[in-house]
Visitor: 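Got a structure for you, written out below as C-alpha cells; questions coming shortly.
Hydrogens, waters and symmetry mates play no part in the numbers below; they use all other heavy atoms, side chains included. Being a predicted model, the structure only gives us computed values, none of them experimental.
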Amino acid sequence: MFKTICCILLICCASLSSQELNYNALTISPDLRENANAVVRLDEMTVDLLAVDEMRIRLKRVVTVLNKSGNRHAGARVGYNNSFKVRNAEALIYDAFGNATNKFRMKEFQDVSAVEGGTLYSDSRVLVLDYTPVQYPYTLEFTYEVSTSNTANIPSWYFLDGFHVSTEKSLFQINYKEPALQPVILEKNTGHLGLMTSATANSMRFEALNIRAIKDESQSPSFRTIVPHLMVRLSNFEYEGHRAFAENWKDIGSWVQTTLLKDRNVLPEATLLKARSLVAQVTDTLEKARIIYKYVQDNTRYISVQVGIGGLQPITASDVDRLKYGDCKGLSNYTMALLESVGVTAYYSIVQAGSEKVDFEEEFADLAQGNHIILAIPYGGVYHWIDCTSSVLPFGFVGDFTDDRKVLVVKPEGSQLLRTPAYVDKDNHQKTTADYTLNEKGGIEGAIDIVTSGIQYDQRLYLEKNTPEEVDMHYKNYWENINNLQLDSYRFENKKEDIRFNESLRVHADHYASISGNRILFVPNSFNKNTFIPTRQRSRVLPLYINRGFWDEDEFTIRLPGGYEIEAMPTEKVITSEFGQYSMGITYNDADHSLQFRRSFFLKEGTYGSDRYDAYRDFRKEVAGMDGAQVVIVKQVQ
C-alpha cells in the first residue's frame with residue numbers, strides 16, 4: 001500500500017510540474033497505446049500564404065516514443081534548399097513523467113545532404129537531430145519555421161505517421177491573405193476520422209483527435225493508399241520565379257509545355273545529321289524511334305540533377321548531347337528532340353514511379369504527384385512507352401517502375417491523363433525446363449533453361465550486366481533449397497524485341513537428396529520450389545492485396561540411378577482457388593528409368609476483403625506443401 005501511494009504521489013507531482021505541457025507518458029489512453037510503438041501527442045502545422053510568391057510554414061510536433069521501434073517516428077528533421085529557408089528549429093526531450101531533460105537548438109542539429117550518391121548536383125539538405133535515448137518512454141517536442149517563394153508544392157497533411165503509430169491530436173491550418181490564394185483541398189480516407197473542419201474568409205482548419213494505430217498486416221495495401229490525409233494545391237502559384245494558373249491537368253500540361261520545355265530542344269547540327277543518318281534507310285516511324293532509343297541508351301548515362309528549377313525543368317538537349325549524361329527529365333527531353341529531328345512524335349510524360357502503382361488523381365491537378373519522366377510515342381492508334389534513363393530496358397517496355405498507372409502526357413494540343421501498359425497475371429510468365437540426373441549418393445547434375453516475360457523478365461534482366469561472382473550468388477540464393485549448389489556454366493540471351501530473357505545453365509550439387517538405409521528421398525521440384533506461407537493473423541482488419549500476379553510453368557526430367565525403383569511419390573493434384581490455380585503431376589517413364597515432373601502455378605493480382613485472408617493462406621500453404629512433396633526410391637534387392 002505504501003509503495004502504491006508513493007507511485008501515485010510521484011505521478012501527481014510530475015503532472016503538476018508539467019501542467020501546461022502535459023507530456024506525461026502515463027496519461028496516454030490504452031486505446032492509443034494498442035499496437036503502437038509511438039504516440040504523436042500533437043502534430044500541428046500552420047501554413048501562411050502571404051502572397052503568390054511567399055509562403056511560411058510553422059510546425060509543432062510532440063511524439064512519445066514507447067520503445068526502440070518507435071525511434072524512427074520521433075521525426076526531428078526538416079529539409080531545406082536555396083529556395084526553402086529554415087528560420088528556426090528546436091527540440092526538447094522529456095522523460096516518462098513529462099519533465100524536460102534536454103534542449104537542442106538549431107545549431108546543434110546535423111546538416112546533411114538529402115540525396116544519395118548518383119546525383120550530380122543538388123541543393124537539397126536536411127537538418128536532423130541525432131538523439132540517442134537512454135530510456136523509454138521519452139517524449140520529443142520539435143518545432144520549426146520555414147519560408148519559401150515557391151508555392152507550387154504545399155505539403156500534404158497526414159493524420160498518421162505510419163503503421164504502429166497513433167495520434168492524440170492532429171491540427172492543420174492554412175491562412176491566406178486574399179481569395180485568389182485560397183487553396184484547393186482533397187480529402188483522402190478521412191471518412192472514419194470524425195474530422196472537424198472550420199473556415200473563415202481567410203483560413204481553413206482541419207482537426208482530428210485520438211486516431212488509433214494501424215497494425216501492419218501481411219500483404220496489405222501500402223500505407224499511403226489507406227492513411228487519412230489531405231492533398232493541398234494552389235490554382236495560382238509560383239515556382240522558381242515562374243508564375244502559373246492551373247485548375248486542371250490540361251492547364252498543368254500547358255504550363256510544362258510553354259514554361260519548362262520552351263527552347264530546351266535545340267540540338268547541334270552535327271547531332272541532327274547523325275540522327276538522320278541513323279534512320280536514312282528507314283521509313284517506318286516506330287522503327288526510327290527504336291533506333292534512336294538504342295542510340296540514346298548506348299551513348300548517354302543517367303545522373304540526377306536536383307537544384308532550383310532543375311527539380312522540374314530538364315537541362316537543354318544540347319547540354320545532354322555535350323555532356324553525355326542527364327537525369328530523367330534531361331534524357332527524356334534529349335530523346336524527344338532527337339525523335340522530332342527524324343520525324344517521330346513523342347510526348348513528355350510525368351509519372352509517379354516506383355514498384356507501387358500510384359495513379360495521378362483525376363480531379364486534383366498537382367505536379368507534386370509526379371517524380372519521374374518517360375516518353376509516350378503514338379503509333380497505329382496506341383502509345384509505345386520508353387524510359388530514357390534505362391540502358392537495358394527494351395523499346396516499348398517500362399517494367400514495374402512505371403507500369404499500369406495514370407500519368408500526365410504533355411501535348412501541345414492538349415495534355416491528358418493516360419494509363420501506362422499493364423503487365424497482368426499470365427503476362428508475367430516463367431517457363432523452367434530441366435533435365436538432371438540423380439545419383440546413388442544423392443547428388444544431382446544437369447541442365448536448366450528458364451525463359452521469362454513481363455515483370456518476371458524485368459526481374460531477371462539485370463543478370464546479363466552482373467559479374468560472374470554476382471551471377472553465382474544470385475543462383476545460390478534463388479535455389480537456396482539446394483545445398484552445395486555449384487554453377488558449372490551459364491549463358492544469357494536477352495531477346496529485346498520479343499521481351500524474353502533466356503537463361504541456360506548447368507549445375508551440380510552433392511547430397512541434394514537424403515539417404516536412409518537403402519532408400520533415397522528427394523523433392524522432385526528442385527528448381528522452382530515456392531515455400532511462402534503468409535503469417536497467421538487473428539482478427540485481420542486490412543484488405544488482402546496481391547500486388548502482381550504471375551504464371552510459372554515447370555517441366556523436369558529426372559533420371560534415376562540404376563537399380564532403384566519407385567516406392568512412393570506424390571499423386572497428381574489440382575488446386576483451384578479464387579486467387580489462382582496450382583497443378584502438379586509426376587509420371588514414371590520405364591523406357592529410360594526417369595520421372596517426368598510437371599507443375600503450373602498461377603496467382604492473380606487483386607484486392608480482396610480481410611475475411612479472405614485465411615482462405616488465401618490456406619491456398620498458399622497447400623501450394624507450399626505440394627512443392628515440398630517427396631519421392632522415395634528404394635534399392636532393389638538382388
Side-chain angles (χ1 to χ4, degrees), residues 35 163-164 214-222 226 355-356 424-432 434 450 452 454-456 459 476-483 485 512-514 516 521-556 558 567-587 595-632:
N35 297 321
F163 290 115
H164 299 286
I214 301 174
K215 184 180 179 182
D216 188 11
E217 297 177 321
S218 173
Q219 288 196 253
S220 61
S222 67
I226 60 176
S355 58
E356 178 189 336
V424 181
D425 295 340
K426 289 192 174 183
D427 294 336
N428 308 315
H429 183 234
Q430 175 178 287
K431 177 69 177 287
T432 304
I450 305 172
T452 48
I455 297 303
Q456 299 219 58
Q459 294 166 347
K476 286 180 177 177
N477 289 332
Y478 180 56
W479 289 318
E480 63 180 357
N481 58 298
I482 303 177
N483 293 325
L485 177 75
Y512 170 70
S514 299
S516 178
L521 298 79
F522 68 97
V523 176
N525 184 4
S526 310
F527 299 108
N528 199 9
K529 185 179 177 184
N530 196 311
T531 60
F532 173 71
I533 300 173
T535 58
R536 185 187 301 276
Q537 292 178 342
R538 290 183 171 84
S539 304
R540 172 89 179 194
V541 174
L542 297 176
L544 164 67
Y545 177 56
I546 301 174
N547 186 30
R548 296 186 185 278
F550 64 84
W551 180 30
D552 285 359
E553 291 184 288
D554 306 290
E555 294 180 3
F556 305 157
I558 308 165
E567 182 178 72
M569 67 179 184
T571 58
E572 184 169 340
K573 187 163 188 176
V574 177
I575 309 168
T576 300
S577 164
E578 64 190 292
F579 312 107
Q581 188 175 69
Y582 175 92
S583 65
M584 188 276 289
I586 308 176
T587 56
L595 295 177
Q596 299 297 319
F597 173 84
R598 301 172 311 282
R599 172 185 180 272
S600 175
F601 181 23
F602 165 49
L603 184 70
K604 293 192 292 186
E605 72 172 55
T607 302
Y608 305 82
S610 60
D611 60 328
R612 305 310 303 146
Y613 181 80
D614 286 344
Y616 174 68
R617 185 176 184 276
D618 290 342
F619 173 59
R620 295 304 300 263
K621 187 176 181 180
E622 197 169 3
V623 168
M626 292 306 300
D627 271 3
Q630 290 188 325
V631 170
V632 181

Visitor: Between the side chains of Q459 and N428, is a donor N or O closer than 3.5 angstrom to an acceptor N or O?
Guide: no
Visitor: Give me the atom names and distance for the closest heavy-atom approach of P221 to P543.
Guide: CD-O, 3.3 Å
Visitor: Distance from L542 atom CG to D216 atom CG, nearest 0.5 Å?
Guide: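 If we round to the nearest 0.5 Å, L542:CG and D216:CG are 8.0 Å apart.
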Visitor: Return the minimal non-hydrogen interatomic distance between R612 and Y608, and the atom names on each side.
Guide: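 Scanning both residues completely, I find the closest heavy atoms to be CB-CB, 4.1 Å.
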Visitor: Would you say Y613 and E217 are linked by a side-chain donor-acceptor pair, where the criterion is simply a distance under 3.5 Å?
Guide: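 No, because no side-chain N or O of E217 sits under 3.5 Å from a partner of the opposite role on Y613.
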Visitor: When rounded to the nearest 0.5 angstrom, what is the spacing between OG in S514 and CD in Q630?
Guide: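 One finds 6.5 Å between OG of S514 and CD of Q630.
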Visitor: Using only atom types and a distance under 3.5 Å, with no angle test, would you say the side chain of K604 pairs donor to acceptor with the backbone of E578?
Guide: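 Yes, because the side chain of K604 sits within donor-acceptor range (under 3.5 Å) of the backbone of E578.
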Visitor: Side chains of K215 and H164: does their closest heavy-atom pair fall under 4.5 Å?
Guide: yes
Visitor: Just so I know, are the side chains of L485 and Y478 near enough to count as touching, which here means a heavy-atom distance under 4.5 Å?
Guide: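 Sidechains of Y478 and L485: no contact.
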Visitor: Is there side-chain contact between Y616 and I546, with at least one heavy-atom pair below 4.5 Å?
Guide: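 Y616 reaches I546 side chain to side chain.
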Visitor: Checking salt bridge (charged side-chain N to carboxylate O under 4.0 Å, His left out) for the pair D614/R540: CA distance, chi angles, key distance, verdict?
Guide: CA-CA 9 Å; D614 286 344; R540 172 89 179 194; over 6 Å; no
Visitor: Any side-chain heavy-atom pair from F532 and R620 closer than 4.5 angstrom?
Guide: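 Yes - at least one pair of side-chain heavy atoms lies under 4.5 Å apart.
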Visitor: Would you indicate whether the side-chain heavy atoms of N525 and M626 approach each other to under 4.5 Å?
Guide: no
Visitor: Counting neighbours of CD on E480 that are heavy atoms of other residues, nucleotides or ligands and sit closer than 6.0 Å, is the number greater than 12?
Guide: no
Visitor: For residues S600 and W551, report the shortest heavy-atom separation together with the two atoms involved.
Guide: OG-NE1, 3.1 Å
Visitor: To the nearest 0.5 Å, how far apart are OG1 in T531 and CG in D627?
Guide: 8.5 Å
Visitor: From the options R599, K431, R598, select the one residue that forms a salt bridge (Lys or Arg N to Asp or Glu O under 4.0 Å) with D554.
Guide: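 Among the candidates, only R599 passes.
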Visitor: Using only atom types and a distance under 3.5 Å, with no angle test, would you say the side chain of Q581 pairs donor to acceptor with the backbone of T576?
Guide: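 Judged by distance alone, no pair lies under 3.5 Å.
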Visitor: If we only count heavy atoms from C-beta on, is the F527 to I450 side-chain gap below 4.5 Å?
Guide: no
Visitor: Please name the pair of heavy atoms, one in V541 and one in S610, separated by the smallest distance, quoted to 0.1 Å.
Guide: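 For V541 versus S610, the nearest heavy atoms are O-CB, 3.5 Å.
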Visitor: N528 side chain to N530 main-chain N or O, any donor-acceptor pair under 3.5 Å?
Guide: no
Visitor: Side chains of N481 and V523, heavy atoms from C-beta outward: is any pair under 4.5 Å?
Guide: no
Visitor: Checking the side chain of D427 only, and the main-chain atoms of V424 only, is there a donor and an acceptor separated by less than 3.5 Å?
Guide: yes
Visitor: Please round to the nearest 0.5 Å and tell me the distance separating atom CZ of R548 and atom CG of D425.
Guide: 11.0 Å
Visitor: Taking all non-hydrogen atoms of both residues, which atom of G585 and which atom of E572 are closest, and how far apart?
Guide: CA-CG, 4.0 Å
Visitor: Check the angle between the aromatic planes of F597 and F556 and answer parallel, tilted or perpendicular using the 30° and 60° thresholds.
Guide: parallel
Visitor: Take F550 and Q430 through the side-chain contact (heavy atoms from CB on, under 4.5 Å) test and state the conclusion after the steps.
Guide: CA-CA 8 Å; F550 64 84; Q430 175 178 287; over 6 Å; no
Visitor: Taking the side chain as every heavy atom from C-beta outward, state whether F163 and I226 have any atom pair closer than 4.5 Å.
Guide: yes
Visitor: Starting from the C-alpha separation in whole Å, work towards a yes-or-no answer on side-chain contact (heavy atoms from CB on, under 4.5 Å) for R617 and I533.
Guide: CA-CA 6 Å; R617 185 176 184 276; I533 300 173; 4.2 Å; yes
Visitor: So which heavy atom on S526 is nearest to which on W479, and how close?
Guide: O-CD1, 4.1 Å
